[in-house]
Structure formats: structure tokens, C-alpha cells
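One structure is given below, encoded as C-alpha cells.
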Amino acid sequence: MKIDLGLIGGYNLDKILEKKSSFSFKTKFGKPSSKIYLGELANKKIALILRHGEKNKILPHEINHQANIFSFYQLGVKKLIAICAAGSLRKEIKPGDFVFCSDFIWLNPQPLTFKKIKHLDLTEPFSENLREKLIRVAKKLKIKFHQKGVYWQTLGPRFETKAEINLMKHFAHLVGMTSLPEIILANELGIEIATIAVVSNYACGLTKEKISHQEVEKMMKGKQLVLKKLLQKL
């Protein structure tokens with residue numbers, strides 16, 4: 001079966017699919033985070049993986065990114081959209097906004113690779129083709145979005161300290177724990193990938209409020225309908 005688009009995201013993202021079915025899958029790198037969900041959006045065939053598992057129990061540092069991305073590769077996925085929650089490092093990027101990531105920083109990466117490529121070029125880690133389409137669609141739907149953003153990856157599972165955020169905000173726009181291994185591995189396999197970061201909160205120290213995981217989940221759940229409209233139009 002030809003798959004038009006792959007999706008990877010958090011808890012309950014499978015709810016946006018129509019005519020949905022699922023099956024277990026295994027790669028030479030192990031099992032992906034969840035079953036493979038097959039369904040439709042706007043009459044297009046979609047394959048979806050839940051990054052944190054069906055019960056949302058897989059912590060950021062426990063995700064088998066290699067199995068997730070290799071699953072899409074084995075299914076013949078050529079284009080992939082990653083959806084993640086992220087903390088804002090800038091006051092002008094507000095909770096609820098979407099950011100179509102354009103670059104990243106990862107200073108303490110895990111050594112993840114499929115092919116043991118000596119030096120993988122990541123001048124454009126995110127697909128400009130997919131990003132431009134997302135920008136056009138978001139404009140038509142009048143979604144509040146930022147068309148560029150540097151994503152700073154941390155290992156998690158803890159939130160960052162005030163001192164860490166004070167450093168990061170000079171160089172990046174967003175901070176998150178999950179998305180960059182997917183970008184690197186997809187690039188290795190020649191899969192076009194773009195990341196939709198949903199801003200779930202301001203990062204530590206930008207406001208007086210403490211950050212909670214429940215706050216992140218609530219924001220992602222609240223944006224599910226908007227995400228569905230965006231992806232249908234895409």
C-alpha cells in the first residue's frame with residue numbers, strides 16, 4: 001500500500017485519523033514506540049506512530065528513535081511530519097502558537113545512526129518543501145504560527161533550570177526533549193521531514209509560574225482539532 005504521509009507525535013494523536021486500523025511491527029532495531037496506525041486524512045493514506053506509546057508512559061530518554069524512524073522507512077514513507085510540544089524561550093512566541101522549525105542545537109547528543117555515516121550534512125535538516133507547504137496552509141487557515149525557529153534539544157526527562165534557559169534563549173527560540181533524533185535519523189534515510197512544534201508553555205524563568213507535565217498535555221489535547229485541520233489541508 002502506498003503511504004502518502006507519515007506522522008509521529010504524542011498521546012492520542014491517532015484520534016485525528018479516519019478509517020483507522022493498527023498492527024504490531026518490529027524492525028532490526030526493535031519495536032517502535034507504539035503499534036503502526038494506518039488511516040486517512042483528506043483521502044490520503046497516513047501511517048502514524050505514537051512517540052510515547054499508547055499509554056503515554058515512554059519517557060523522552062526511553063524512546064527507541066531508531067525503531068520509530070526505521071519503521072517508516074520500511075513502510076515506504078517518503079515524507080514525514082513530526083509533531084511535538086515545546087517550551088518557548090521568547091516572550092513573543094506564546095503558548096498555543098505553532099512553530100515550523102528551521103534549525104536546531106543539540107550539544108550533548110546520543111550517538112544515533114543507521115549507516116555509521118562519517119559526516120552527515122545537515123545544512124537544511126528540515127525539509128524546506130514541507131515547511132513552505134505548512135506555512136501556506138497555516139496562512140489560509142489563519143493559524144497563529146512562526147515560520148522559523150531554532151529548536152534546542154535537551155535529554156530530559158526533567159525540565160530545564162533557570163540558568164540553562166537563560167543561556168538557551170540567546171541562541172534558540174524553543175526547547176524540547178524529543179524531536180531531534182527523529183530529524184537526524186530521517187535525514188540519514190532520505191526521508192523528507194518537518195517538525196510542527198506546538199508551544200505548550202513558557203520555559204523556566206520566563207514567568208513566575210512553575211511548569212507541569214499536565215500543562216503540556218492539556219495544551220496538546222486542546223490543539224488537536226487545529227492540528228487535524230492543518231494536516232487535512234496539507
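Only heavy atoms go into these numbers, but all of them, side chains included; no hydrogens, no water, no symmetry mates. Model, not experiment: these values are computed from the prediction. Along the sequence shown, residues are numbered consecutively beginning with 1.
For Ala194, the side chain to side chain contact (heavy atoms under 4.5 Å, CB included) partners two or more places apart in sequence, or in a different chain, are Ile81, Leu130, Arg131, Leu134. For Lys139, there are no salt bridge (charged side-chain N to carboxylate O under 4.0 Å, His left out) partners at least two apart in sequence or on another chain. Legend: residues meeting side chain to side chain contact (heavy atoms under 4.5 Å, CB included) with Phe171, ordered by chain and number and at least two apart, are Ile105, Trp152, Leu167. Residues satisfying the ring-ring contact (aromatic ring centres under 6.0 Å, His included) criterion with Tyr37, sequence neighbours excluded, are absent altogether. Qualifying ring-ring contact (aromatic ring centres under 6.0 Å, His included) partners for Tyr73, counting only residues two or more places apart in sequence or in other chains: Phe70. Taking the salt bridge (charged side-chain N to carboxylate O under 4.0 Å, His left out) definition, one finds that Lys45 meets it with Glu40, sequence neighbours left out. Applying the side chain to side chain contact (heavy atoms under 4.5 Å, CB included) rule to Glu132 yields the partners Glu128, Arg136; only residues at least two apart in sequence or on another chain are considered. Listed by chain and number, the residues in a side chain to side chain donor-acceptor pair (under 3.5 Å) with Lys2 are Asp4 (sequence neighbours excluded). The side chain to side chain contact (heavy atoms under 4.5 Å, CB included) check on Ala197 picks up Cys84, Ala86, Val99, Cys101, Leu174, with sequence neighbours excluded.
Linking ILVMFWY side-chain heavy atoms closer than 4.5 Å, directly or via other members, places Leu122 and Leu80 in a single hydrophobic cluster. When the side chains of ILVMFWY residues are joined at heavy-atom separations under 4.5 Å, either directly or via intervening members, Ile183 and Leu155 end up in a single hydrophobic cluster.
Ala67 and Gly30 make their closest contact through CB-O, 3.5 Å (heavy atoms, listed as atom of the first residue, atom of the second, distance). Of all heavy-atom pairs between Leu50 and Gly10, the closest is CD2-O, 3.3 Å. Contact record, Asp103 with Pro125: OD1-CG, 4.1 Å, taken as the closest heavy-atom pair. Closest approach of Met177 to Pro157, counting heavy atoms only: CE-O, 3.6 Å.
Side-chain contact check for Ile36 versus Ser22: every heavy-atom pair is 4.5 Å or farther apart. Asp14 is listed as a side-chain neighbour of Lys20, based on a closest heavy-atom distance under 4.5 Å. No side-chain heavy atom of Phe98 sits less than 4.5 Å from a side-chain heavy atom of Val199. Under the 4.5 Å side-chain criterion, counting only non-hydrogen atoms from C-beta, Leu112 is in contact with Leu185. The closest side-chain heavy-atom distance from Phe114 to Ile69 is below 4.5 Å. With contacts defined as side-chain heavy-atom distances shorter than 4.5 Å, the pair Gln153/Pro181 qualifies. Here the side chains of Leu17 and Leu48 are in contact, with some heavy-atom distance below 4.5 Å. Taking the side chain as every heavy atom from C-beta outward, Leu120 and Glu188 approach each other to under 4.5 Å.
For the pair Asp97 (side chain) and Phe145 (backbone), a donor-acceptor distance under 3.5 Å is absent. Side-chain atoms of Asn68 never come within 3.5 Å of backbone atoms of Ile49 as a donor-acceptor pair (strictly under, hydrogens ignored). Distance alone, capped at 3.5 Å, places no donor-acceptor pair between the Ser127 side chain and the Glu192 backbone. Between the side chain of Gln66 and the backbone N or O of Thr113 there is at least one donor-acceptor pair closer than 3.5 Å. Not one N or O on the side chain of Gln74 forms a donor-acceptor pair closer than 3.5 Å with the backbone of Ser71. A donor-acceptor pair under 3.5 Å is absent between the side-chain atoms of Ser33 and the main chain of Gly53, judged by distance alone.
Applying the 6.0 Å contact sphere to NZ of Lys144 captures more than 12 heavy atoms from other residues, nucleotides or ligands.
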For a quick test of your reading: what N or O donor-acceptor pairs under 3.5 Å do the side chains of residues 222-234 make, sequence neighbours left out?
unit_1 : atom_1 : unit_2 : atom_2 : d
Lys223 : NZ     : Gly96  : O      : 3.3
Gln224 : NE2    : Asn12  : O      : 2.9
Gln232 : NE2    : Glu18  : OE2    : 3.4

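Residue His52 holds its NE2 atom at 11.0 Å from CG of Leu13, rounded to the nearest 0.5 Å. The CD1 atom of Ile184 lies 8.5 Å from the CG atom of Asn187; values are rounded to the nearest 0.5 Å. Note that CZ of Phe72 and OG1 of Thr27 are 12.0 Å apart. Values are rounded to the nearest 0.5 Å. Distance check, rounded to the nearest 0.5 Å: CD1 of Ile58 to CD1 of Ile63 gives 7.0 Å. The distance from atom CD1 of Ile191 to atom NZ of Lys78, rounded to the nearest 0.5 Å, is 8.0 Å. Within the model, atoms CG of Leu89 and CD1 of Ile165 stand 5.0 Å from one another, a figure rounded to the nearest 0.5 Å.
Annotation: salt bridge (Lys or Arg N to Asp or Glu O under 4.0 Å) contacts involving residues 81-95, sequence neighbours excluded, are absent. Under the side-chain hydrogen bond (donor to acceptor under 3.5 Å, both in side chains) criterion, the residue pairs touching residues 165-182 are Arg51-Glu182, Asn166-Lys169, Ser179-Thr195, with sequence neighbours excluded.
Counting only N and O atoms by type, the side chains of Glu160 and Thr154 include a donor and acceptor under 3.5 Å apart. In this structure, a donor-acceptor pair under 3.5 Å is present between the side chains of Thr123 and Asp121.
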Would you sort out whether Phe159 and Cys204 count as a side chain to side chain contact (heavy atoms under 4.5 Å, CB included), showing the intermediate values?
CA-CA 8 Å; Phe159 288 116; Cys204 180; 5.9 Å; no

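The distance between the ring centers of Phe126 and Phe100 does not fall below 6.0 angstrom.
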